[in-house]
Amino acid sequence: MKAKTTLKKSVKLVAAMMMAIAPNCAFAQFNRTTYFMDDVNFKQRLNPGMAPQRGFINLPFVGAFNASVSSNSISADYFDNLLSNANSADYFTTDKFVSQLKENNRFSIALSNDLASAGWYSGKGFWNVNLTIRADIDANMNRDAFEFLRAGRGMSTQSWANANLFTHGGKAKANMYLETGLGYARPVTERLVLGVKVKMLWGIADLTAKVQDVAVKTNLQNINPHQDWSTITEEELQKVRGKALIKAHAEVDGSLTGLTFIKDDKQYIKDWQQYGSTSFAGYGAAVDLGAAYKLGRDFTLSAAVLDLGFIKWGKDNSIKGVSEFQREYDFDGVHAGEHRDEFKKTIESGSILNQDLWNMKEEESKSRTTKLRSTLVLGAQYKLLNDKLTVGALSTTRLGEINTQQELTFAGSFSFTKQVALAVSYSVIQSQGKGLGLGLKLGPLTVATDYMYFGKDTRTASALLGITIPLGRRHRDMF
């Protein structure tokens with residue numbers, strides 16, 4: 001019974017790290033399809049120098065809601081199976097499960113929602129302000145981490161006589177903060193527009209977990225090379241001779257008001273919990289820089305660097321746990337029987353991927369500083385048919401602690417009237433052949449996606465919803 005409980009905890013940990021504690025990384029806090037649409041203010045999220053032609057007020061809470069989920073290996077159907085089988089070790093050891101994995105499996109969720117935002121012209125310059133809640137969840141896990149579970153079921157290609165199993169494990173990070181921003185864009189010549197946004201950041205939560213350098217080494221005799229440790233008999237176990245070694249390195253960092261570790265009677269970390277009300281646990285600042293340059297009347301180049309900044313988390317709101325676990329098992333010594341039983345339980349239960357095994361200890365709390373995920377944006381666009389049709393290409397590179405991802409998007413936008421526009425895009429790098437995006441503007445309503453949902457095989461999907469009230473007359477000074 002205890003083995004089953006431990007195994008469930010191990011598999012849940014694996015699933016949680018693949019689904020980011022609760023990531024091919026989506027760039028989903030910024031919609032690329034709307035970048036080439038006229039009279040849409042969302043392009044400023046990707047370049048503060050790309051001001052819209054009119055001022056605006058986005059309706060609170062529904063003015064600019066953006067969400068996405070993306071993976072390089074986990075499809076919608078696969079994700080559903082993960083949730084349905086989170087308590088089943090057999091599913092995580094099957095060929096069907098492992099065959100769908102990449103060498104490195106990435107998964108992410110990104111959310112962004114404007115609680116309030118507005119923009120207006122003053123002279124030749126364009127001002128904008130925003131109050132936005134943002135959240136990112138990123139994780140990656142190596143395929144070879146599952147060899148530990150398969151080995152325990154006798155499904156590894158390695159022999160238990162001289163096994164040398166190793167994995168770098170995985171990493172997961174969750175981050176949430178409130179952003180208040182003030183932006184300004186202005187033409188400095190007839191061809192060049194520069195933009196900047198300065199942002200104050202109010203940290204809500206930042207959680208990071210790493211399992212690294214996990215290893216199992218054996219030098220055993222009288223053992224079936226592909227022994228299933230869940231079915232080994234007591235008689236067979238008593239015949240095993242030799243030595244084995246298990247070691248692992250694990251770290252947990254977290255910042256959140258009221259965050260604390262739960263410990264056992266030996267002061268080893270068992271879990272973490274949050275108590276009391278949630279408030280800001282850290283403070284920081286960031287800046288966005290952007291420019292647009294007109295090579296001719298219809299051809300424009302643009303570039304931007306976003307989220308150059310940091311959040312400093314307070315000592316009283318931060319925790320850290322570290323484990324340098326190493327345990328040797330002697331099947332020939334005076335404690336051979338105890339060592340055999342302990343090794344068997346660890347391997348058959350999957351405890352090698354379970355935090356209970358690592359003997360993690362809490363370290364002294366210290367203030368910590370985390371960087372934002374900065375993004376480099378490069379764009380080119382060309383206008384046709386008296387500015388009704390715009391075609392272009394957009395490159396985005398998002399730098400992250402867990403994952404760094406690139407995307408290249410080709411898009412076209414057609415304005416039927418000042419109130420109605422349609423955009424079509426195709427993203428070529430992360431989409432795995434399913435990178436079709438659409439954007440539609442109907443008066444104050446804008447809906448868009450960079451990756452449409454194509455059923456159970458979809459690995460990347462995103463959505464943008466915005467409701468905007470226009471302000472003032474149109475300005476042609478910006479482009």
Side-chain angles (χ1 to χ4, degrees), residues 18-20 23-37 42-43 45-47 50 66-79 100-112 136-143 170-171 173 288 290 301-307 372-382 390-413 423-439 448-464:
M18 292 190 68
M19 294 181 280
N24 206 28
C25 195
F27 306 95
Q29 291 192 345
F30 320 102
N31 184 274
R32 297 183 300 277
T33 303
T34 59
Y35 192 75
F36 303 109
M37 297 179 73
F42 306 119
K43 65 179 69 179
R45 306 303 172 89
L46 282 166
N47 189 328
M50 297 289 284
N66 210 335
S68 78
V69 58
S70 181
S71 174
N72 66 334
S73 57
I74 304 174
S75 65
D77 184 54
Y78 197 19
F79 184 77
Q100 296 180 78
L101 298 176
K102 308 290 185 182
E103 287 301 315
N104 183 273
N105 301 277
R106 300 183 296 272
F107 183 84
S108 78
I109 297 174
L111 300 170
S112 175
D136 284 287
I137 301 176
D138 287 308
N140 66 42
M141 193 164 192
N142 292 339
R143 177 178 175 176
K171 303 176 184 178
K173 183 178 180 67
D288 297 343
L301 298 177
S302 59
V305 180
L306 310 176
D307 292 328
L372 298 190
R373 295 163 173 82
S374 299
T375 303
L376 174 64
V377 182
L378 300 173
Q381 66 182 55
Y382 190 80
T390 302
V391 294
L394 190 68
S395 168
T396 53
T397 301
R398 197 174 188 211
L399 308 175
E401 179 182 341
I402 304 296
N403 301 314
T404 293
Q405 299 296 323
Q406 294 178 304
E407 187 59 282
L408 178 62
T409 300
F410 298 96
S413 171
V424 179
S425 69
Y426 189 80
S427 299
V428 300
I429 299 178
Q430 305 297 333
S431 65
Q432 301 185 31
K434 299 179 180 180
L436 181 64
L438 290 175
T449 176
D450 290 328
Y451 305 96
M452 294 185 65
Y453 181 74
F454 285 102
K456 64 181 183 179
D457 292 330
T458 300
R459 287 173 170 78
T460 304
S462 69
L464 165 72

With no hydrogens and no angle check, just 3.5 Å: does a side-chain donor-acceptor pair link S68 and S462?
no

Short N-O contact, D136 and R398, less than 4.0 angstrom:
yes

Point-to-point distance, once rounded to the nearest 0.5 Å, from CD1 of I137 to CG of L111
7.0 Å

What is the distance from atom CG of N140 to atom OG of S108, rounded to the nearest 0.5 Å?
11.0 Å

Working note: T460 + N72, criterion side chain to side chain contact (heavy atoms under 4.5 Å, CB included); need CA distance, chi angles, decisive distance, verdict.
CA-CA 8 Å; T460 304; N72 66 334; over 6 Å; no

Main-chain N/O of F410 paired to S425 side chain as donor or acceptor, under 3.5 Å
no

Here the pair of heavy atoms bringing A463 nearest to N66 is O-OD1, 3.0 Å

Could you report the tightest heavy-atom contact between K173 and R373, atom names first, then the distance?
CD-NH2, 3.6 Å

Are side-chain heavy atoms of T397 and T375 found at a separation under 4.5 Å?
no

Side chain to side chain contact (heavy atoms under 4.5 Å, CB included) against A304, all qualifying residues, sequence neighbours excluded
N47, P48, L306, V377

Closest approach of K102 to R143 (non-hydrogen atoms, all atoms of both residues)
O-CB, 3.1 Å

Heavy atoms, side chains only, cut-off 4.5 Å: are D450 and E407 in contact?
no

When rounded to the nearest 0.5 angstrom, what is the spacing between CZ in R45 and CG in N31?
11.0 Å

Residues two or more places apart in sequence or in another chain: which of them pass side-chain hydrogen bond (donor to acceptor under 3.5 Å, both in side chains) with S427?
R32, T409

Residue pair G437 / M452: nearest heavy atoms and the distance that separates them:
CA-CG, 4.4 Å

The reported gap from CD in Q381 to CG in L301 (rounded to nearest 0.5 angstrom) is 9.0 Å

To the nearest 0.5 Å, tell me how far T449 OG1 sits from L438 CG.
7.5 Å

Value rounded to 0.5 Å, distance of CG in L376 from CG in L399:
7.5 Å

Is the closest side-chain heavy-atom distance between D288 and D307 below 4.5 Å?
yes

Decide yes or no for L394 and Y35: does some side-chain heavy atom of the first lie under 4.5 Å from some side-chain heavy atom of the second?
yes

At their closest point, which heavy atom of M50 faces which heavy atom of S302, and how far apart are they?
SD-CB, 4.1 Å

Of all the heavy-atom pairs spanning A411 and F36, show the shortest one and how long it is.
CB-CD1, 3.6 Å

